[in-house]
Amino acid sequence: MPELDDSERNELQNTVARLLADRSSESDVRKTMETETGFDPALWQLLAEMGIVGLLIDEQFGGYGAGAMEIERVMEEVGAALLCSPLLASAVLAASVLGASGDDDAQRRLLPDMAKGTSIATIALTGTEGSWTPEGVAVRAESNGTDWTLSGTASFVIHGQNADVVLVVANTEQGTALFQVEPSELGTAIRALPTFDHTLRLAEIEFAATKAQLIGEDGNGWPAVEQGLNLTRVALAGEQAGGARRVLDMTVEYAKNRVQFGRAIGSFQAIKHMAADLLLESESATSAARHAAMSLASTSDDAEPAISLAGFACADAFSAVTAASIQMHGGIGFTWEHPAHLYLRRARADAQLFGTPMFYRERYIQQLGG
Amino acid sequence: MSEASGDNPASVSNDAIRDEVQSWLADNWDPEAMKKGAFGPLGRDWTAKVVDAAWAATRWPKQWYGRDYNDAQARIVETEFARVGAPGTGQDRINLWANTVLTFGNEQFKKKYVPALLKSEINMCLLYSEPGAGSDLAGLRTRAERDGDEWVVNGQKVWTSGAATADYGMLVARTDWESPKHGGISFFFCPMKQPGVEVRPLRQITNESHFNEVFLTDVRIPATNLLGPLNGGWRVLQTALAYERSMMGEGARGPRSGAKGASEKGEEELIALAREAGRLSDPVLRQDIARVIAYKKLNALNTARAKAELEQGTSSPIMSLGKLAMSRILHEEAKLRTNLLDAGSLLESSDYPRAEDANFLTLNAYFTSIGGGTDQIQRNIIGERVLGLPKEPEVDRDVPFRSVRSS
Ligand SMILES: Cc1cc2nc3c(=O)[nH]c(=O)nc-3n(C[C@H](O)[C@H](O)[C@H](O)COP(=O)(O)OP(=O)(O)OC[C@H]3O[C@@H](n4cnc5c(N)ncnc54)[C@H](O)[C@@H]3O)c2cc1C
């Protein structure tokens, strides 16, 4: 795909915003989050038709071949609208790991349907520890020379219960490798996990000598996973920045309209100063997410620290804004019917997926040479 | 009455008090029976026993179930109860309902309700907040009008905890619309089980429904249920609020998963949780754990010191400090519990009790930082009434309520 310029990127973002305003309103989100699959297939199909699902997939496989800067913008709207979908799992993480795998056969086999949205993919990566690092991998792969089998537990598999394509990161004699498992091989070994964020779907998979197909090279799987993870982290940072911004807007609007003591509560410095601090958080999150996206897209030297910085700045911002938002709404913010807690739940989930703020801060200082 | 409670409480030695309470507890307290429910629903039979033996509110006068103890003496009783894990004492500090009635009710009213409130025989709720009057409670618009021997009440309350099960509500309503906002409010003890009271449960962010909307339509209250002077309800309210804040400053609801705590041998729960999670050697978390435990300890010390100086029936804005401190404790502890779990906190349900606890406590911390007056309002109170800083100008403070702007 030809590089998009900034105004085209804005247009992409606006298009997604319009679609989600229409199809992922608060009441849509509440309806969808209560369904078993946790996403709306019709909306998923619309996103595919618009090219969002295939945004990161190479053109030769039916995608758009776009990159970090585009997906980051899209995810800002996803976060703002609290979209319930397997976008992050399938269109971002799985698609980009496959894209980086160097396995032409697998790409040809899997990516076209993923781009069309007709198949949903996910990656089983971490064990029950929930750390998205080589040390966190808790599945072992064994080969009898021709066929591979997997054993062990993978957890926090995003939309695992909805996936047609299950990719698995496993340890082998040679190191780390990527595999594919047919969901039909798994049956009840795949179990939905109850999530605090009701807009999210997670699963745990128990592998017991489960048949698997190797993707890419044995022993050299981690670089592709890391590459995919980095892009996913940027996308997630976008989601956090977009979510933070939306919650802040909503809260400021409320502070302008809610009257106590004969004046709008936003006229009290306690509220005004909180809002100002939150704007600093939210703007910093947007800057961090966009900077990380740009650094990654231009393969600049400081991409790694930029991603770590976004990792914690965006997570902390989203958490801080959502937490303060409930407080600033008073009693109404404590009700299920008010959306504030839905965002708080998403913020808490986003602050765990692929690395916690503490993890990113440590990585950041290491990447800076400390 | 027993020998330890001689006529002059100051003459009773601490040892004599300790001996008396210890032997009474030894004769009566049975934790196993309590667990098995042998003391009736909510342990009410136990509470009644404590009240009848005058241990429930020892700082109170003898004719009101107390012992005229000073704070130090009362602390001895509370310490002994706490040592064996027996509830029911210290109600002179934390039973906001009984304290309010004792302070503002007339003799007859007190006779009727003080024992029932101490014994938890009646369920109560607080009918204060309204859709347009939360922080600005004095902006309330529920009206009470006199009709013969009764008051007739119309209006709407909201966020009313426990309204669905309450027998009575402490109600603030406007009885004079010509006075400025604080001056036209009266305080009532309102019977809830009557046709004009409609309670609609609200779903909370914790996915529970403890608080409610309450619609009041021609609700009737006997004239004798007015507490404090007519149109003098604001002062009664200040006392009741101080007790509520004092209660909220001392504690809050803990985890709800019902899981066993991580702590054995009485170790600090947070330390035990960190050990269980294998994170006790993490230097960053150690700092956080120390900080949260210290916040709790310091709050307890502050509270004990503040209350030692308080007499029954008086209230102090200093209670706002404890509530503010507790709010910080609860929010910080929830953060810490989340950090101990990392990705584990993504989950909920009783299958993942530590996650369930961390997530529930994260949400329920707002019970304390919003309920009973928000943190921001507590800071205003501390700044203005404790420190004596100038008040924010309040545009509608001195105008007849009729002409006040609302949302
Ligand atoms: C779990 C829970 C249980 C409750 N139980 C009860 C109950 O049993 N009975 C009852 O009567 N009420 C109850 N409440 C209501 C509670 O007391 C009110 O929610 C609270 O006082 C805030 O009022 P509000 O909701 O109208 O918010 P608002 O007053 O509208 O406040 C909105 C925001 O503005 C801020 N604000 C308002 N005024 C100022 C100011 N002057 N300076 C600075 N900031 C300001 C607040 O701090 C808050 O952040 C409960 C609330 C909760 C959350």
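Chain letters run A, B, ... following the sequence lines, proteins first, then strands; residues in each count from 1.
Between A/Arg348 and B/Ser345, the closest heavy-atom pair is NH2-CB, 4.5 Å. Here the closest non-hydrogen pair linking B/Thr374 and A/Gln327 is CB-NE2, 3.8 Å. Taking all atoms of both residues into account, the shortest heavy-atom contact from A/Gln260 to B/Asp136 is OE1-N, 2.8 Å. In plain terms, the two heavy atoms of A/His198 and B/Glu348 that are nearest each other are NE2-OE2, 3.0 Å.
Interface remark: B/Asp351 contributes no atoms to any contact with chain A (heavy atom separation under 4.5 Å). Interface remark: A/Phe156 contributes side-chain atoms only to the contact with chain B (heavy atom separation under 4.5 Å). Interface residue A/Thr335: backbone and side-chain heavy atoms are both found under 4.5 Å from chain B. Contacts of B/Glu356 with chain A are absent, with no heavy-atom separation under 4.5 Å from either backbone or side chain. Neither the backbone nor the side chain of B/Asn380 comes within contact range of chain A; no heavy atoms are under 4.5 Å apart. For a residue to count as touching a neighbouring chain, one of its non-hydrogen atoms must lie under 4.5 Å from one of that chain's; by this rule B/Gln204 touches chain A with backbone and side chain alike. In this structure, the portion of B/Ala133 lying under 4.5 Å from any heavy atom of chain A is its backbone and not its side chain. The contact between B/Thr362 and chain A is made entirely by side chain atoms (from C-beta outward), counting heavy-atom distances below 4.5 Å. For A/Met328, no part lies near chain B; criterion is any non-hydrogen pair under 4.5 Å.
Heavy-atom neighbours of A/Leu368 CG from other residues, nucleotides or ligands within 6.0 Å: above the threshold of 12. More than 12 heavy atoms of other residues, nucleotides or ligands lie within 6.0 Å of CZ in B/Arg256, so this atom counts as buried by the packing criterion. When the shell of 6.0 Å around CD of A/Glu226 is examined, it contains more than 12 heavy atoms from other residues, nucleotides or ligands. The number of heavy-atom neighbours closer than 6.0 Å to CZ of B/Arg203, taken from other residues, nucleotides and ligands shown, is above 12. For A/Glu34, the CD atom is densely surrounded, since the number of other residues' heavy atoms within 6.0 Å is greater than 12.
A/Leu353 is listed as a side-chain neighbour of B/Leu346, based on a closest heavy-atom distance under 4.5 Å. The closest side-chain heavy-atom distance from A/Phe261 to B/Val404 is not below 4.5 Å. Considering only heavy atoms from C-beta on, B/Ile370 comes within 4.5 Å of A/Ile326 through its side chain. Contact annotation: the side chain of B/Thr206 approaches that of A/Phe334 to within less than 4.5 Å [non-hydrogen atoms, C-beta and beyond]. Between B/Gln376 and A/Ile265 there is no side-chain heavy-atom pair separated by less than 4.5 Å.
Judged purely by atom type and a 3.5 angstrom limit, B/Tyr352 has no side-chain atom pairing as donor or acceptor with the backbone of A/Thr195.
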inquiry  = I'd like to know whether B/Trp159 forms a side chain to side chain contact (heavy atoms under 4.5 Å, CB included) with A/Ile332, so could you lay out the CA-CA distance, the side-chain angles of the two residues, the decisive distance to 0.1 Å, and finally the verdict.
reply    = CA-CA 9 Å; B/Trp159 324 128; A/Ile332 191 90; 4.0 Å; yes

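Contacts between residues 322-343 of chain B and chain A, counted as heavy-atom pairs separated by less than 4.5 Å, involve B/Thr338, B/Asp342, B/Ala343. Contacts with chain B (heavy atom to heavy atom, under 4.5 Å) involve these residues of residues 340-347 of chain A, listed by number: A/His341, A/Leu344, A/Arg345.
When each of B/Asp396, B/Leu347, B/Val284 is scored by its heavy-atom pairs under 4.5 Å with chain A, the top score falls to B/Leu347. Looking only at heavy-atom pairs under 4.5 Å with chain A, the residue among B/Val395, B/Asn359, B/Val158 that has the most is B/Asn359. Heavy-atom pairs under 4.5 Å with chain A were tallied for B/Ser349, B/Gly344, B/Ser129, B/Ser135; the largest tally goes to B/Ser135.
For residues 264-278 of chain A, every residue pair satisfying the side-chain hydrogen bond (donor to acceptor under 3.5 Å, both in side chains) rule, not counting sequence neighbours, is listed here: A/Arg263-A/Ser267.
A search for salt bridge (charged side-chain N to carboxylate O under 4.0 Å, His left out) contacts involving A/Glu206 returns nothing, not counting sequence neighbours.
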